[in-house]
Asks: 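Sharing a structure with you now.
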Amino acid sequence: MIVPRAKNLAILGLGSSVGTPPEGIEAAVLVVTSFDELKIRASEAIGKIVVFNQPFVSYGETVAYRAYGASEAAKVGAVASLIRSITPFSINSPHTGWQDYQDGLNRIPTACITVEDAELMWRMAQRGQRIVVRLTMAAKTLPDADSFNTVAEIRGWQHPEQVVLLSGHLDSWDVGQGAMDDGGGAMISWEALSLIKDLGLRPRRTLRTVLWTAEEQGGVGAQQYYDLHKVNISNFDLVMESDLGTFSPVALQFTGSDAAQKVMEEVVKLLAPINTTKLETHGEGTDISPWMQAGVPGASLHVADSRYFWFHHSEGDTMTVQDPRNMDLCSALWAVVAYVVADLQDMLPR
């Protein structure tokens with residue numbers, strides 16, 4: 001920011017954003033708090049940098065500003081967009097993530113800014129102060145490159161062709177370490193198989209851990225896996241994904257038929273020693289969603305995740321966020337559910 005005073009703004013470019021010219025973009029700022037306000041003030045946006053200072057409601061609702069803010073700003077003639085980070089809590093840390101350009105619109109540079117800077121510029125605008133920002137971004141999208149899902153399994157002794165799948169994704173954004181998103185989910189999916197192997201157990205069906213590649217770019221590895229294996233969809237018994245942190249486990253989330261729900265209610269009773277006997281509806285996960293949409297039962301981990309979006313897609317996503325005891329509990333839940341379902345007499349009813 002160069003007007004009304006000089007201030008460095010902490011930013012992170014958003015996924016697939018274009019860069020600015022080498023000399024940057026210097027323009028006046030229009031601060032809005034919603035897409036509706038932008039439409040009302042469309043005539044003011046021409047040639048400006050639009051700053052979105054939208055309040056955090058929930059990730060599912062508020063992430064639309066990160067995903068579509070650049071295209072909405074481009075529609076009204078803006079030259080760039082800056083998005084308030086999608087987080088309920090901030091210590092002046094920007095949070096990145098994917099964004100989508102709409103076909104047929106000018107592709108303008110877009111980045112996330114901190115909650116503090118978004119609110120600062122909103123207060124300045126409310127006082128009628130003119131704000132000017134100089135934005136310089138070297139962002140570019142390189143050609144696709146090969147990456148790979150990582151697969152490990154314990155083959156079933158009776159029905160090796162039938163599969164219970166556990167998963168998390170291996171990739172992360174370039175900031176932080178990706179320890180929470182989704183190192184934790186990947187590692188408990190690996191640890192579950194390791195525990196079962198160490199105990200000398202082998203279920204009727206195959207237990208398969210898949211650590212997905214390129215989830216952050218839109219579930220690329222998972223979609224490729226689905227496309228290759230959907231021909232055997234009738235042999236996939238249960239698909240599981242952990243991608244909302246590995247804090248203290250609260251419940252198992254499950255999507256499936258009423259009959260399968262009844263079975264899973266009995267399975268989670270076995271988790272009484274770690275006090276996670278609750279079964280909730282709505283299993284979820286970017287990487288397992290194609291399977292669930294095709295009717296395969298799906299499960300996800302509900303953890304005490306109130307702090308998840310404090311660290312999500314930021315420099316704060318490091319090993320410090322992880323607690324070994326909580327990860328052990330998540331691994332135990334994951335291992336018990338996967339093993340018991342894989343060793344049942346029958347597959348889960350569709």
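Computed from a predicted structure; not experimentally measured.
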Asks: Closer than 3.5 angstrom, by distance alone: can the side chain of Thr62 be matched with the main-chain N or O of Val57 as a donor-acceptor pair?
Replies: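 Yes; at least one donor-acceptor contact below 3.5 Å.
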Asks: I'd like to check Met121 versus Leu9 (side-chain heavy atoms, cut-off strictly below 4.5 Å). Are they in contact?
Replies: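 Yes, their side chains come closer than 4.5 Å.
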Asks: Are Leu12 and Val175 side-chain neighbours, meaning at least one heavy-atom pair lies under 4.5 Å?
Replies: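 Yes, their side chains come closer than 4.5 Å.
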Asks: Flag the pair Thr281 / Gln261 as yes when at least one side-chain heavy-atom distance between them is below 4.5 Å, and no otherwise.
Replies: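 Yes, at least one pair of side-chain atoms sits under 4.5 Å.
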Asks: Can you find a heavy atom in the side chain of Val32 that is under 4.5 Å from one in the side chain of Val51?
Replies: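 Val32 vs Val51: side chains apart.
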Asks: Between Glu119 and Arg84, is there a salt bridge with N-O shorter than 4.0 Å?
Replies: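 Glu119 and Arg84: salt-bridged.
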Asks: Can you confirm whether the side chains of Thr114 and Asn92 place a donor and an acceptor under 3.5 Å from each other?
Replies: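 Looking only at side-chain atoms, Asn92 and Thr114 do form a donor-acceptor pair, the distance falling under 3.5 Å.
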Asks: Please report the closest heavy-atom contact between Gly184 and Gln322, naming both atoms and the distance.
Replies: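 Answer, listing the atom of Gly184 first, then Gln322: CA-NE2, 3.5 Å.
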Asks: Apply salt bridge (Lys or Arg N to Asp or Glu O under 4.0 Å) to residues Lys39 and Glu37 and explain how you reach the verdict.
Replies: CA-CA 5 Å; Lys39 288 175 185 172; Glu37 183 182 355; over 6 Å; no
Asks: Donor-acceptor pair, distance only, cut-off 3.5 Å: does the side chain of Ser257 make one with the backbone of Pro349?
Replies: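 Yes.
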Asks: Treating Thr255 as the side-chain partner and Gly283 as the backbone partner, does any N or O pair qualify as donor plus acceptor under 3.5 Å?
Replies: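 Such a contact is found between Thr255 side chain and Gly283 backbone.
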Asks: Any salt bridge linking Glu44 with Lys48? Criterion: basic side-chain nitrogen under 4.0 Å from a carboxylate oxygen.
Replies: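 No, no charged N to carboxylate O under 4.0 Å.
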Asks: Ignoring hydrogens, what is the shortest heavy-atom contact between Met319 and Ala179? Give both atom names and the distance.
Replies: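 What the structure gives for the nearest pair is N-CB, 3.6 Å.
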Asks: Does CD1 in Ile91 sit with more than 12 non-hydrogen atoms of other residues, nucleotides or ligands closer than 6.0 Å?
Replies: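 Check fails, neighbour count at 12 or below.
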Asks: Going by atom types only, do Gln162 and Thr206 share a side-chain donor-acceptor pair under 3.5 Å?
Replies: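 Not at all, the side chains of Gln162 and Thr206 share no donor-acceptor pair under 3.5 Å.
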Asks: Could you grab the distance from atom OG of Ser167 to atom CD of Glu215, nearest 0.5 Å is fine?
Replies: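 It comes to 10.0 Å.
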Asks: Whether the side chain of Ser85 engages the backbone of Thr87 through a donor-acceptor N/O pair (distance < 3.5 Å, no angle test) should be reported.
Replies: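 No; judged by distance alone, with no hydrogens or angles, the pair does not exist.
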Asks: What I want to check is whether the side chains of Thr110 and Ser81 have a donor and an acceptor closer together than 3.5 Å.
Replies: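 Thr110 vs Ser81: donor-acceptor pair found between side chains.
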Asks: For Val210, is there any backbone N or O sitting under 3.5 Å from a side-chain donor or acceptor partner on Asn149?
Replies: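 Side chain of Asn149 to backbone of Val210: no pair is present.
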Asks: Are Val296 and Phe236 side-chain neighbours, meaning at least one heavy-atom pair lies under 4.5 Å?
Replies: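 Side chain of Val296 against side chain of Phe236, heavy atoms only: contact under 4.5 Å found.
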Asks: Using the test side chain to side chain donor-acceptor pair (under 3.5 Å), find all partners of Glu216 that sit at least two apart in sequence or belong to another chain.
Replies: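 For Glu216 the side chain to side chain donor-acceptor pair (under 3.5 Å) partners, ignoring immediate neighbours, are Trp173, His313.
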Asks: Do any N or O atoms from the side chain of Asp182 and from the backbone of His169 form a donor-acceptor pair under 3.5 angstrom?
Replies: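 Indeed, once roles are kept as given, a pair shorter than 3.5 Å links the two residues.
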Asks: Of all the heavy-atom pairs spanning Thr20 and Leu135, show the shortest one and how long it is.
Replies: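 That would be CG2-O, 3.6 Å.
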Asks: Between the side chain of Arg205 and the main-chain N/O of Leu344, is any donor-acceptor distance below 3.5 Å?
Replies: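 Yes, the answer is positive, given that a donor and an acceptor are paired below the 3.5 Å cut-off.
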Asks: Regarding His282 and Gln253, do their side chains bring together a donor and an acceptor under 3.5 Å, going by distance alone?
Replies: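 The criterion, which ignores hydrogens and geometry beyond distance, is not satisfied for Gln253 and His282.
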Asks: When you group the ILVMFWY residues by side-chain heavy-atom contacts below 4.5 Å and let the links chain together, are Trp212 and Ile233 in the same group?
Replies: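 Looking at the clustering, Trp212 is in the same group as Ile233.
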Asks: Are any side-chain N or O atoms of Asn53 and backbone N or O atoms of Trp122, one a donor and one an acceptor, separated by less than 3.5 Å?
Replies: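 Between the backbone of Trp122 and the side chain of Asn53 there is no qualifying donor-acceptor contact (under 3.5 Å).
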Asks: Count the heavy atoms belonging to other residues, nucleotides or ligands that lie under 6.0 Å from CZ of Arg325, then report whether that count exceeds 12.
Replies: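 Open: at most 12 neighbouring heavy atoms sit under 6.0 Å from CZ of Arg325.
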Asks: Taking the six-membered ring for Trp, are Phe309 and His312 parallel (under 30°), tilted (30 to 60°) or perpendicular (over 60°)?
Replies: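 Rings of Phe309 and His312: perpendicular, as their planes differ by over 60°.
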Asks: Any donor-acceptor pair under 3.5 Å linking the side-chain atoms of Gln99 with those of Ser17?
Replies: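 Result is no, nothing qualifies.
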Asks: Quick one, Thr209 with Glu153, criterion side-chain hydrogen bond (donor to acceptor under 3.5 Å, both in side chains). Give me CA distance, side-chain angles, the key distance, then yes/no.
Replies: CA-CA 6 Å; Thr209 288; Glu153 66 180 27; over 6 Å; no
Asks: For Phe35 and Tyr65, take the angle between the two ring planes, folded into 0 to 90°, and tell me which bin it lands in: parallel under 30, tilted 30 to 60, perpendicular over 60.
Replies: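 Rings of Phe35 and Tyr65: parallel, under 30°.
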Asks: Can you tell if the side chain of Arg208 reaches within under 4.5 Å of the side chain of Val151, non-hydrogen atoms only?
Replies: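 Heavy-atom side-chain distance check passes, below 4.5 Å.
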Asks: Taking the side chain from Thr277 and the backbone from Lys269, do they hold a donor-acceptor pair closer than 3.5 Å?
Replies: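 Not a single qualifying donor-acceptor pair exists.
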Asks: Rounded to the nearest 0.5 Å, what's the gap from CD1 on Ile288 to CG on Leu165? Could you check?
Replies: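 That separation rounds to 8.5 Å.
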Asks: Begin from the C-alpha positions of Asp343 and Arg202 and carry the test salt bridge (Lys or Arg N to Asp or Glu O under 4.0 Å) through to its verdict.
Replies: CA-CA 8 Å; Asp343 202 49; Arg202 188 179 175 196; over 6 Å; no
Asks: Indicate yes or no: does Glu265 engage Lys262 in a salt bridge with an N to O separation below 4.0 Å.
Replies: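 Result for this pair is no, no salt bridge flagged.
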Asks: Please confirm whether the backbone N or O of Thr286 pairs with a side-chain atom of Ser289, one donor and one acceptor, at under 3.5 Å?
Replies: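 Side chain of Ser289 to backbone of Thr286, a donor-acceptor pair under 3.5 Å: yes, one is there.
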Asks: Find out whether Ile11 and Met137 are in side-chain contact, i.e. whether some heavy atom of one side chain is under 4.5 Å from a heavy atom of the other.
Replies: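 Yes, side chains in contact.
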Asks: Kindly work out whether a path of hydrophobic side-chain contacts (I/L/V/M/F/W/Y, heavy atoms less than 4.5 Å apart) joins Met347 to Val337.
Replies: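 Met347 does not cluster with Val337.
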Asks: Decide yes or no for Leu166 and Trp334: does some side-chain heavy atom of the first lie under 4.5 Å from some side-chain heavy atom of the second?
Replies: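 Yes, side chains in contact.
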